[in-house]
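All residue numbers refer to positions in the sequence shown, counting from 1. Just the heavy atoms: all of them, side chains too, but no hydrogens, waters or symmetry mates, feed the values below.
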Amino acid sequence: MTLEERKEQSTTRIFKAIFPNTTNHYNTLFGGAALQLMDEVAFICATRFCRKRVVTICSDRVNFNHPIPAGTLAEFVAKVSKVGRTSLDIDVRIYLEEMYEDNRELAINGCFSFVAIDEDRNPIPVLD
């Protein structure tokens, strides 16, 4: 399998309905909840890409472009953007969708970096 095929096959999508228990006093998704879900989908993508243990080492410039209100749908899309020797970067985008309309817009985006590790938590090559 080529690197590009591996990247494509590891693309990960998760949909979430935004309920009031995940929103703040403005009735929009908590920023911390968004970051947690972004890290989770990025972790799944990184694991699917290299099929090794990975840990988050960094999140870089997360842009909160639009609030995500309760009663909407959010699609989390994670894609491998850069592959190093022991690390990889995952771009994550959250798209906001109205439940009963065809509107869809980019709400939040950011980059998460992971490193592959062995049983002793030492860095190892992402790809063999």
Side-chain angles (χ1 to χ4, degrees):
M1 175 182 325
T2 69
L3 181 63
E4 289 307 313
E5 289 171 333
R6 184 176 288 275
K7 283 181 178 182
E8 185 63 33
Q9 288 185 8
S10 65
T11 297
T12 303
R13 297 172 185 276
I14 296 175
F15 282 87
K16 294 280 187 183
I18 306 305
F19 293 115
N21 66 328
T22 61
T23 62
N24 57 29
H25 59 290
Y26 298 113
N27 205 32
T28 59
L29 183 65
F30 272 113
L35 290 170
Q36 178 185 358
L37 290 164
M38 291 174 80
D39 187 36
E40 183 179 334
V41 73
F43 167 80
I44 294 168
C45 178
T47 302
R48 292 178 71 210
F49 177 81
C50 64
R51 299 295 178 179
K52 296 183 180 179
R53 291 182 175 108
V54 295
V55 292
T56 307
I57 57 170
C58 174
S59 61
D60 188 28
R61 189 167 176 107
V62 176
N63 298 303
F64 293 85
N65 304 308
H66 297 285
I68 302 175
T72 58
L73 301 174
E75 180 185 15
F76 295 74
V77 182
K79 295 182 177 188
V80 175
S81 60
K82 181 181 174 188
V83 179
R85 192 178 78 75
T86 62
S87 65
L88 61 157
D89 291 347
I90 310 294
D91 283 333
V92 179
R93 295 173 180 235
I94 304 177
Y95 294 94
L96 164 65
E97 292 187 15
E98 299 293 333
M99 281 195 191
Y100 308 111
E101 298 175 20
D102 287 332
N103 297 343
R104 175 183 165 89
E105 65 182 320
L106 177 64
I108 303 171
N109 65 290
C111 181
F112 291 73
S113 299
F114 291 82
V115 68
I117 59 170
D118 63 16
E119 295 82 14
D120 297 319
R121 298 185 182 150
N122 297 310
I124 58 173
V126 171
L127 298 173
D128 295 326

Minimal non-hydrogen separation, Ile90 against Ala78, with atom names: CG2-CB, 3.7 Å
Side chain to side chain contact (heavy atoms under 4.5 Å, CB included) evaluation trace for Leu3 with Phe49: CA-CA 9 Å; Leu3 181 63; Phe49 177 81; 3.6 Å; yes
Student check: side-chain heavy atoms of Glu8 and Lys79 closer than 4.5 Å: no
Closest contact, heavy atoms only, Met99 versus Ala17: CE-CB, 4.3 Å
Asn65 side chain to Asn109 side chain, donor-acceptor N/O pair below 3.5 angstrom: yes
Interatomic spacing from CD in Gln9 to SG in Cys45 - rounded to 0.5 Å: 12.0 Å
Side chain Asp120, main chain Asn122, donor-acceptor under 3.5 Å: no
Shared hydrophobic cluster, Leu29 / Leu73 (ILVMFWY, side-chain heavy atoms < 4.5 Å): no
Contact check, side chains of Phe30 and Thr23, non-hydrogen atoms, under 4.5 Å: no
hydrophobic_cluster_shared for Val80 and Phe76, side chain cutoff 4.5 Å: yes
Polar side chain donor-acceptor pair, Asp39 to Thr56, under 3.5 angstrom: yes
Student check: side-chain heavy atoms of Val115 and Thr86 closer than 4.5 Å: yes
Arg53 and Glu119: CA distance, side-chain angles, deciding distance, salt bridge (Lys or Arg N to Asp or Glu O under 4.0 Å) verdict: CA-CA 8 Å; Arg53 291 182 175 108; Glu119 295 82 14; 3.4 Å; yes
Chi angles and distances behind the side chain to side chain contact (heavy atoms under 4.5 Å, CB included) call for Val62, Leu35: CA-CA 8 Å; Val62 176; Leu35 290 170; 3.8 Å; yes
Salt-bridge present (Glu75, Lys16; N to O < 4.0 Å): no
Carboxylate-amine/guanidinium contact Asp128 Lys52, below 4.0 Å: yes
Interatomic spacing from CD in Glu97 to CD1 in Ile18 - rounded to 0.5 Å: 11.0 Å
From CA spacing to verdict: side chain to side chain contact (heavy atoms under 4.5 Å, CB included), Val92, Val77: CA-CA 6 Å; Val92 179; Val77 182; over 6 Å; no
Heavy-atom check, side chain of Glu4 versus side chain of Lys7, under 4.5 Å: yes
